[in-house]
Amino acid sequence: MKYEMVIGLETHVELSTATKIFCGCTTKFAGEPNAHCCEICTGMPGSLPSLNRAVVEYAATAGLALGGDVREKSVMARKHYVYPDLPKAYQISQFDLPLVSGGGMTLSNGRRINLTRIHIEEDAGKLVHRGANVAVDYNRGGVPLIEIVTEPDFRDASEVLEYMERLQTTLRAVGVSDCRMQEGSMRCDVNLSLRIPGETAYGVRSETKNLNSFTAVADAIRTEYARQSEILGAGGTVEQETRGYDADSGETHSLRSKENSDDYRYFPEPDIVTVRLSPEEIERLRGALPELPDAKLARYVSVLQIPEADAKLLTKYRAVSEYFERAADGIAPKSAANFIITVMFAEIQTEAERENWNPAVSAANLNGLLKLTEAGTISRGTQKRVYGEMSASGKPAADFVTAEDTAQITGDELRALCEKAVAENAKSVADYKSGKEKALKAVVGAVMRETRGRADAVLAEAIILAVIA
Ligand code: ADP
Ligand code: MG
Ligand code: ZN
């Protein structure tokens with residue numbers, strides 16, 4: 001029996017406010033253990049939390065960017081549980097009146113994923129296992145989080161992964177979080193159940209918690225699908241439970257049978273209670289939203305005529321798209337896009353480098369270089385050399401373009417050189433004619449060598465093709 005999977009995702013995202021949610025401690029990642037703490041974020045008796053206004057604004061911004069409704073009046077609530085990462089034995093969260101309700105996104109396959117809610121809460125500390133001992137680092141305690149909860153609307157892993165990626169892109173674009181899964185600033189819980197295709201009722205779900213990479217989410221979905229279908233296939237019933245994930249084996253394991261919200265004894269947080277946002281404040285936040293990634297992608301494809309795959313790369317990180325738009329000013333957008341993707345992306349290795357995009361050649365300087373090429377003032381060979389010198393120095397193109405560079409070899413002179421190259425590379429020409437397309441490169445290369453890069457390779461190739469036709 002092939003079962004249909006039903007998945008709902010809960011995503012925790014750390015907000016990048018400078019300070020924590022209820023005190024003035026920094027939210028900086030890493031640092032000496034327990035260095036970023038005070039009596040409030042370690043829950044000392046008698047300390048009083050006061051709500052960081054920026055947290056409410058960041059969370060509301062996230063909600064608006066995801067198409068949700070922001071409540072003018074929402075309520076903080078205590079969620080009780082005992083665990084060493086939370087010294088007060090309750091987490092201040094939201095319960096029946098979260099800051100945001102609704103919203104969602106339409107996936108590339110046309111299916112809609114609805115959001116149930118987005119609420120704000122404080123993060124807990126972190127347990128550090130040292131042999132037989134466990135230490136606690138409270139630096140993360142009190143870091144502001146939003147929890148984004150979807151309806152059980154996903155039907156396979158690829159939908160979940162697309163959602164996660166677009167969630168990341170959107171939250172980064174509006175500047176509320178860096179969403180770095182490797183640093184724990186974005187973590188997902190996968191709720192998964194199975195049912196026989198065609199059934200309308202949902203099956204019993206498991207919840208696999210704290211997945212901190214795309215691989216972990218995909219693994220959890222795969223192994224939970226396999227585990228539950230085996231149980232159901234053998235006539236058994238799936239138990240509602242909370243499961244953990246082991247990155248080494250890629251497997252999930254039972255942690256505890258699922259608690260109900262009753263178990264948490266939620267009640268309104270008496271030290272904070274109501275969070276208010278006026279309609280004017282909500283409209284101000286809506287008005288301050290930048291162009292969102294989906295709209296930007298559509299504009300790049302339809303207005304700037306950039307192929308969709310390239311447009312996706314350019315819109316994934318806000319810094320890259322801003323750089324691209326400045327570099328493309330007044331020239332064919334496609335040539336700026338091509339240069340960034342084929343030359344500049346090839347120079348960097350990691351996702352983090354794209355995220356923190358800050359190349360040695362400024363956008364204005366790249367624009368200057370591309371303008372010279374587009375106008376035919378310098379050849380592509382010269383462009384390449386000049387770009388190298390710009391990268392090394394951070395200086396503009398004009399500093400490296402010599403009178404000799406701009407004297408491009410074209411016309412009859414170039415044609416004569418191409419004819420010479422064809423005559424001197426008869427073997428390559430023959431190879432090309434017999435189907436070895438790459439052989440033509442040798443002939444073009446001969447021309448480029450002869451002109452020391454002062455010819456346009458595309459133009460030279462076109463002439464060579466005409467000569468040998
Ligand atoms: P809790 O707060 O106890 O974790 P919720 O009812 O708020 O439970 O649901 C949490 C998540 O589980 C949501 O993302 C929801 O879409 C998902 N979910 C609920 N029921 C199912 C189900 N039967 N199968 C898959 N996911 C489910
Ligand atoms: Mg849950
Ligand atoms: Zn503190």
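All values below were derived from every heavy atom in this structure, side-chain atoms included, with hydrogens, water molecules and symmetry-related copies excluded. Ligands are counted one by one from 1 in listed order, and the atoms in each one are counted from 1 as well. As the structure is a prediction and not an experimental result, all values here were calculated from the model.
- Considering both main-chain and side-chain atoms, L192 never comes within under 3.5 Å of ligand 1 through any nitrogen or oxygen pair.
- Each of the following atoms of ligand 1 lies closer than 4.0 Å to a heavy atom of E207: 4 (O).
- The aromatic ring centroids of H80 and Y266 lie 6.0 Å or more from each other.
- Donor-acceptor pairing under 3.5 Å is lacking for the side chains of S47 and E39.
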Let me have the donor-acceptor pairs involving side chains of residues 122-132, under 3.5 Å, with sequence neighbours excluded, atom names and distances please.
{"from": "E122", "atom 1": "OE1", "to": "K88", "atom 2": "NZ", "distance (Å)": "3.2"}
{"from": "E122", "atom 1": "OE2", "to": "K88", "atom 2": "NZ", "distance (Å)": "2.7"}
{"from": "E122", "atom 1": "OE2", "to": "I92", "atom 2": "N", "distance (Å)": "2.7"}
{"from": "D123", "atom 1": "OD1", "to": "R187", "atom 2": "NH2", "distance (Å)": "3.0"}
{"from": "D123", "atom 1": "OD2", "to": "R140", "atom 2": "NE", "distance (Å)": "3.4"}
{"from": "D123", "atom 1": "OD2", "to": "R187", "atom 2": "NH1", "distance (Å)": "3.2"}
{"from": "D123", "atom 1": "OD2", "to": "R187", "atom 2": "NH2", "distance (Å)": "3.4"}

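- The residues E57 and R284 are annotated as salt-bridged, a charged nitrogen and a carboxylate oxygen being separated by less than 4.0 angstrom.
- Counting only residues at least two apart or in different chains, side-chain hydrogen bond (donor to acceptor under 3.5 Å, both in side chains) contacts with residues 303-316 comprise K316-E351.
- Of the charged side-chain nitrogens involved, none lies within less than 4.0 Å of a carboxylate oxygen, so that R276 and E72 do not count as a salt-bridged pair.
- Residues in residues 221-234 take part in these salt bridge (charged side-chain N to carboxylate O under 4.0 Å, His left out) pairs, two or more places apart or across chains: D219-R222, E224-R227, E224-R243, R227-E241.
- Close approach of ligand 1 to V6 (heavy-atom distance below 4.0 Å) involves ligand atoms 24 (N), 25 (C).
- At a 3.5 angstrom cut-off on N or O pairs, Y202 does not count as close to ligand 1.
- Salt-bridge check for E159 with R155: failed, with every basic side-chain N at 4.0 Å or more from each acidic carboxylate O.
- Under the 3.5 Å distance criterion, with hydrogens and angles disregarded, no donor-acceptor pair is assigned to the side chains of E251 and T223.
- Looking at ligand 1, you won't find any N or O of I7 less than 3.5 Å from one of its N or O atoms.
- Ordered by chain and number, C23 SG, C25 SG, C38 SG, C41 SG make up the set of protein N, O or S atoms under 2.8 Å of the Zn ion (ligand 3).
- Nearest residue to atom 13 (C) of ligand 1 from T150, T242, V238 is T150 (criterion: closest heavy atom).
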